[in-house]
Amino acid sequence: MYIDGQWTDGAEGRRMVVVNPATEEEFATAAVGSAADCDRAIAAARRAFGSGPWPAMSRPERSEMLGRFAVELRARVDALAEAVTAETGAPSASVRAVHLLAPLGHLDHYVEQARQPDTTSLPLQVNPRPDGSSWLGGSVLVREPVGVVSAITAYNFPFHLKIAKLGPALACGNTVVLKPSPNTPLTAALMAEAAEAAGFPPGVVNVVNGGADVGALMCTDPRVDLVSFTGSEAVGAAVSAQAAPTIKRVLLELGGKSAMIVRADADLDAALAMGLGSVVTQSGQGCALTTRHLVHADIYDDYVAGLADRVRAIQVGDPTDPSTAMGPLISAVQREKVEGFIGDATAAGSRLVAGGGRPADLDKGFFVEPTVFADVDNSSRLAQEEVFGPVAAVMSFRDDDEAVALANDSNYGLGGAIFSADAGRAFEMARRIRTGQVHINGGSGASPGWDPFGGYKRSGLGRELGDAGIADYSEIKTIKYHAG
Ligand code: NAD
């Protein structure tokens with residue numbers, strides 16, 4: 001762990017094992033934080049914010065330091081790729097592009113953002129005096145850091161999720177206590193190493209390991225100003241409750257059950273490519289994956305058959321093998337949960353068309369076959385709850401209104417997609433879907449740093465990335481003055 005600019009094994013010297021989900025091997029250990037370590041990290045972040053050099057630095061100086069952080073992270077890309085694959089089972093074929101280089105592009109955006117002016121002048125006002133003369137009144141808006149940020153992350157994209165918090169938080173001049181998922185301490189340690197090498201003043205970036213106990217302290221401590229959380233809906237609700245008594249700002253990036261709508265005029269191959277991606281990407285452990293496939297009745301049978309064929313052709317197995325497309329789930333517990341969904345879906349009358357079991361040739365690792373269910377009822381558990389595994393729920397619709405209604409018939413609202421030859425019609429439908437992002441015909445092809453990301457409804461509160469991310473990690477102060 002990295003606290004107040006120093007490496008520590010923690011006050012109690014406890015350690016946890018890190019398990020490779022593809023081999024079930026306990027391949028590393030990591031320090032576990034205690035209440036005392038959490039206290040020390042929050043105290044360091046508070047001190048660094050209150051009296052350290054960080055908040056007093058000029059914007060170009062802060063930007064330069066963030067730029068050095070990006071350089072140090074890039075210098076560790078090989079080690080980070082190895083750690084992400086070993087900790088999460090992400091296939092090595094895609095780990096660099098998806099897990100590392102895309103978020104590093106987001107960080108570059110924040111290096112630029114950190115330089116941007118933090119004041120905005122409002123229009124001058126002419127104010128009448130009783131004697132008939134007048135005076136000028138002016139005001140400026142000043143963007144300031146919120147203070148100490150508790151950043152708590154999930155396991156599935158361990159590097160990206162931390163960059164999405166560290167980037168905007170540091171660009172605005174906040175200090176951070178970061179707690180990674182207990183499944184992914186190694187990625188976090190490498191990132192702390194890069195922060196140390198970049199030269200952030202002590203206490204600006206702190207990394208404390210631990211589970212719910214440490215996380216809860218990070219939400220309740222009165223010295224913390226903002227809690228930025230990425231994880232499940234249930235823990236997000238707990239985080240909100242924990243933070244409420246001290247009126248902290250809370251940002252929540254939670255789960256999803258996103259819908260992709262495939263209209264009758266869609267390019268079927270393009271839709272199937274995204275449909276397949278939503279099953280196999282990170283073994284289905286992605287918050288914004290479009291796991292509900294809503295397909296027009298006229299092309300429904302072709303879509304179901306096409307998706308089943310593609311899913312069966314996927315190579316599942318050792319994530320370090322460059323030809324592997326899908327690795328394991330994170331843990332035995334997660335696999336059991338996913339298998340529970342598969343059992344329930346079958347019992348609820350959904351039609352299993354591909355997968356549904358464990359790969360016959362893999363006797364170690366938390367693997368589940370990529371699985372497709374057709375004829376899924378949108379009110380069923382499979383369609384309403386987040387599986388966080390490689391399981392597609394396919395259902396049909398007859399017209400655009402029904403498709404939009406089905407897409408919106410969810411407690412979540414994170415991602416979404418529409419495939420149609422009529423881009424204008426797809427755009428109008430996108431406006432009607434209550435969700436944070438909609439990709440038309442596969443989207444823009446990239447995820448640039450200026451795209452905000454976040455959820456409607458129970459998918460969360462606030463936005464990360466983009467300029468919206470800057471707003472969420474800032475306070476706005478109005479300074480009013482006599483201008484003459
Ligand atoms: P989780 O909710 O189990 O854990 C997330 C983090 O919260 C972990 O670091 C955990 O130790 C910590 N935690 C647990 N109890 C806590 C408490 N009481 N107070 C504070 N912290 C506590 O989630 P997970 O299983 O690691 O990740 C999967 C979930 O994350 C899915 O629901 C997924 O959709 C969501 N997710 C969302 C996004 C997004 O951007 N919206 C991105 C990735 C993952």
Colleague: Quick one: list whatever passes side chain to side chain contact (heavy atoms under 4.5 Å, CB included) with Asp401, sequence neighbours left out.
Modeller: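 In terms of side chain to side chain contact (heavy atoms under 4.5 Å, CB included), with neighbours along the sequence ignored, Asp401 is linked to Asp399, Arg432.
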Colleague: Is there a donor-acceptor contact under 3.5 Å from the side chain of Ser474 to the main chain of Arg143?
Modeller: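 No, the answer is negative, given that no donor and acceptor are paired below the 3.5 Å cut-off.
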Colleague: Do you know the tightest heavy-atom contact between Asp269 and Arg310?
Modeller: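 Minimum heavy-atom contact is OD1-NH2, 3.1 Å.
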Colleague: Checking side chain to side chain contact (heavy atoms under 4.5 Å, CB included) against Val176, which of Asn206, Leu166, Val148 comes through?
Modeller: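 So the option named by the test is Leu166.
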Colleague: Hey, mind stepping through Phe453 and Arg463 against side chain to side chain contact (heavy atoms under 4.5 Å, CB included) and telling me if it holds?
Modeller: CA-CA 5 Å; Phe453 183 84; Arg463 291 292 178 273; 5.9 Å; no
Colleague: Looking only at heavy atoms, which two atoms of Leu406 and Phe397 are closest? And how far apart?
Modeller: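 Heavy atoms only, the tightest pair is CD1-CB, 4.1 Å.
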Colleague: When you measure from the side chain of Glu26 to the backbone N and O of Val19, does any donor-acceptor pair fall under 3.5 Å?
Modeller: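 Absent.
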Colleague: Has Gln315 got more than 12 heavy atoms of other residues, nucleotides or ligands less than 6.0 Å from its CD?
Modeller: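 Yes, enclosed.
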Colleague: Carefully, step by step, assess Thr371 and Phe373 under the rule side chain to side chain contact (heavy atoms under 4.5 Å, CB included).
Modeller: CA-CA 7 Å; Thr371 298; Phe373 279 102; 3.8 Å; yes
Colleague: Does the side chain of Arg249 reach to within under 4.5 Å of the side chain of Glu475, using non-hydrogen atoms?
Modeller: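 The answer is yes; the side chains approach within 4.5 Å.
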Colleague: Hey, could you give me the NE2/OG distance between His439 and Ser258, rounded to the nearest 0.5 Å?
Modeller: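 Here the rounded value is 9.0 Å.
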Colleague: Among side-chain atoms of Lys457 and Ser459, is any donor-acceptor pair under 3.5 angstrom?
Modeller: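 The criterion, which ignores hydrogens and geometry beyond distance, is not satisfied for Ser459 and Lys457.
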Colleague: Using a strict 4.0 Å threshold on nitrogen-to-oxygen distance, state whether Glu402 and Arg398 make a salt bridge.
Modeller: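 No.
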Colleague: Under the salt bridge (Lys or Arg N to Asp or Glu O under 4.0 Å) criterion, do Glu339 and Arg358 qualify, and how do the steps go?
Modeller: CA-CA 9 Å; Glu339 288 174 338; Arg358 295 181 185 184; 2.7 Å; yes
Colleague: Using a distance-only test with no angle check, is there a side-chain donor-acceptor pair under 3.5 angstrom linking Lys364 and Thr23?
Modeller: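 Checked: Lys364/Thr23 side chains show no N/O donor-acceptor pair below 3.5 Å.
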Colleague: Working to the nearest 0.5 Å, report the span between CG of Leu80 and CZ of Arg74.
Modeller: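 These two atoms lie 11.5 Å from each other.
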Colleague: Roughly how far apart are Glu336 CD and Phe341 CZ, rounded to 0.5 Å?
Modeller: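 Between Glu336 CD and Phe341 CZ, I get 13.0 Å after rounding to 0.5 Å.
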Colleague: Ignoring hydrogens, what is the shortest heavy-atom contact between Val387 and Val338? Give both atom names and the distance.
Modeller: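 That would be O-CG2, 3.9 Å.
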Colleague: Is Thr290 reaching over with its side chain to a backbone N or O of Gly416, donor-acceptor style, under 3.5 angstrom?
Modeller: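 Not confirmed, Thr290 side chain does not pair with Gly416 backbone.
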Colleague: On a heavy-atom basis, which atom in Asn209 and which in Ala30 lie closest, and how many Å separate them?
Modeller: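 Heavy atoms only, the tightest pair is ND2-CB, 4.1 Å.
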Colleague: Applying salt bridge (Lys or Arg N to Asp or Glu O under 4.0 Å), run through Asp400 and Arg425 and close with a yes or a no.
Modeller: CA-CA 9 Å; Asp400 291 346; Arg425 184 73 181 143; 2.7 Å; yes
Colleague: Is there side-chain contact between Ile342 and Val391, with heavy atoms separated by less than 4.5 Å?
Modeller: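 Counting from C-beta outward, Ile342 and Val391 do come under 4.5 Å.
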Colleague: If you count every heavy atom of other residues, nucleotides or ligands that lies below 6.0 Å from Glu82 atom CD, does the total exceed 12?
Modeller: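 No, the 6.0 Å shell around CD holds no more than 12 heavy atoms from other groups.
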Colleague: Side chains of Asn441 and Asp267: does their closest heavy-atom pair fall under 4.5 Å?
Modeller: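 Of all side-chain heavy-atom pairs linking Asp267 with Asn441, none is under 4.5 Å.
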Colleague: Is there a side chain to side chain contact (heavy atoms under 4.5 Å, CB included) between Thr281 and Leu289 once you walk through the steps?
Modeller: CA-CA 8 Å; Thr281 302; Leu289 294 175; 4.0 Å; yes
Colleague: Is a side-chain donor or acceptor of Asn174 paired with a backbone partner of Val149 at a separation under 3.5 angstrom?
Modeller: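 Absent.
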Colleague: Ignoring hydrogens and angles, state whether a donor on the side chain of Ser420 or Asp265 is under 3.5 Å from an acceptor on the partner side chain.
Modeller: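 The answer is yes; a qualifying pair exists.
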Colleague: Just by distance, no angles: are the side chains of Ser410 and Gln384 close enough, under 3.5 Å, to form a donor-acceptor pair?
Modeller: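 There is no such pair (donor and acceptor under 3.5 Å, judged by atom type) between the side chains of Ser410 and Gln384.
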Colleague: So does Phe427 have more than 12 non-hydrogen atoms from other groups sitting under 6.0 Å from CZ?
Modeller: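 No, not enclosed.
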Colleague: Could you tell me whether the side chain of Asn408 and the main chain of Arg434 form a donor-acceptor pair under 3.5 Å?
Modeller: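 Confirmed, Asn408 side chain pairs with Arg434 backbone.
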Colleague: Please determine whether side-chain hydrogen bond (donor to acceptor under 3.5 Å, both in side chains) holds for the pair Thr220 and Gln242, giving the CA-CA distance in whole Å, both sets of side-chain angles, and the decisive distance to 0.1 Å.
Modeller: CA-CA 6 Å; Thr220 50; Gln242 290 162 177; over 6 Å; no
Colleague: Please find the pair of heavy atoms, one from Pro180 and one from Lys162, that lie closest to each other, and give the distance.
Modeller: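 Taking Pro180 first and Lys162 second, the nearest heavy atoms are CB-CE, 3.6 Å.
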Colleague: Is there a side-chain contact between Lys248 and Asp225, using heavy atoms and a 4.5 Å cut-off?
Modeller: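 No, every pair of side-chain atoms sits at 4.5 Å or beyond.
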Colleague: Where is the tightest heavy-atom contact between Gly454 and Glu253, given as atom of each residue plus distance?
Modeller: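 What the structure gives for the nearest pair is CA-OE1, 3.5 Å.
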Colleague: Are any non-hydrogen side-chain atoms of Asp302 and Leu268 less than 4.5 angstrom apart?
Modeller: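 A side-chain contact under 4.5 Å exists here.
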Colleague: Given side chains that start at C-beta, do those of Arg351 and Val353 come closer than 4.5 Å, heavy atoms only?
Modeller: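 Side chain of Arg351 against side chain of Val353, heavy atoms only: contact under 4.5 Å found.
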Colleague: Distance only, no hydrogens: is a donor on one side chain within 3.5 Å (strictly under) of an acceptor on the other, for Tyr300 and Asp375?
Modeller: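 A pair is found: one side chain offers a donor N or O, the other an acceptor, under 3.5 Å apart.
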Colleague: With a distance cut-off below 6.0 Å to the six-membered ring centre and an angular limit of 45° from the axis, does Arg335 pair with Phe367 as a cation-pi contact?
Modeller: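 The answer is no, since Arg335 fails at least one limit relative to Phe367.
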Colleague: Between Glu386 and Lys257, does a salt bridge (Lys or Arg N to Asp or Glu O under 4.0 Å) hold up when you go through it step by step?
Modeller: CA-CA 6 Å; Glu386 186 182 49; Lys257 194 74 210 182; over 6 Å; no
Colleague: Looking at Thr85 and Ala81, would you say the former's side chain and the latter's main chain have a donor-acceptor pair under 3.5 Å?
Modeller: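 Side chain of Thr85 to backbone of Ala81, a donor-acceptor pair under 3.5 Å: yes, one is there.
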Colleague: Checking Leu178 against Tyr2 for the side chain to side chain contact (heavy atoms under 4.5 Å, CB included) test, could you report, in this order, the C-alpha distance in whole Å, the side-chain angles of both residues, the deciding distance, and whether it holds?
Modeller: CA-CA 10 Å; Leu178 173 72; Tyr2 184 66; over 6 Å; no
Colleague: What residue among Asp213, Val214, Val177 forms side chain to side chain contact (heavy atoms under 4.5 Å, CB included) with Cys38?
Modeller: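 In the set Asp213, Val214, Val177, the residue that makes a side chain to side chain contact (heavy atoms under 4.5 Å, CB included) with Cys38 is Val214.
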Colleague: Regarding Glu87 and Thr184, do their side chains bring together a donor and an acceptor under 3.5 Å, going by distance alone?
Modeller: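 Note: Glu87 and Thr184 side chains miss the donor-acceptor criterion.
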Colleague: Is the shortest side-chain heavy-atom distance between Phe419 and Met274 below 4.5 Å?
Modeller: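 A side-chain contact under 4.5 Å exists here.
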Colleague: Side chains of Ser379 and Asp377: is there a donor and an acceptor less than 3.5 Å apart?
Modeller: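 Side chains of Ser379 and Asp377: pair found under 3.5 Å.
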Colleague: Under a plain distance cut-off of 3.5 Å, with no hydrogens placed, do Tyr412 and Thr435 share a side-chain donor-acceptor pair?
Modeller: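 Per modelled atom types, Thr435 and Tyr412 side chains form no pair under 3.5 Å.
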Colleague: Do Gln285 and Ile330 have side-chain heavy atoms sitting under 4.5 Å apart?
Modeller: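 Side chain of Gln285 against side chain of Ile330, heavy atoms only: contact under 4.5 Å found.
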Colleague: Salt bridge (Lys or Arg N to Asp or Glu O under 4.0 Å) between Glu72 and Arg76: does it pass, once the steps are laid out?
Modeller: CA-CA 7 Å; Glu72 293 295 340; Arg76 289 165 177 77; 2.9 Å; yes
Colleague: For side-chain hydrogen bond (donor to acceptor under 3.5 Å, both in side chains), just list the numbers for Ser63 and Glu112, CA-CA rounded to whole Å, side-chain angles, deciding distance to a tenth of an Å, and then say yes or no.
Modeller: CA-CA 7 Å; Ser63 165; Glu112 278 313 304; 5.7 Å; no
Colleague: Which residue pairs satisfy the ring pair (Phe, Tyr, Trp, His ring centres under 6.0 Å) criterion with at least one member in residues 78-115, sequence neighbours excluded?
Modeller: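 Found His99-Phe157, His106-His160.
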Colleague: To the nearest 0.5 Å, how far apart are SG in Cys172 and OH in Tyr473?
Modeller: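 One gets 9.0 Å once the value is rounded to the nearest 0.5 Å.
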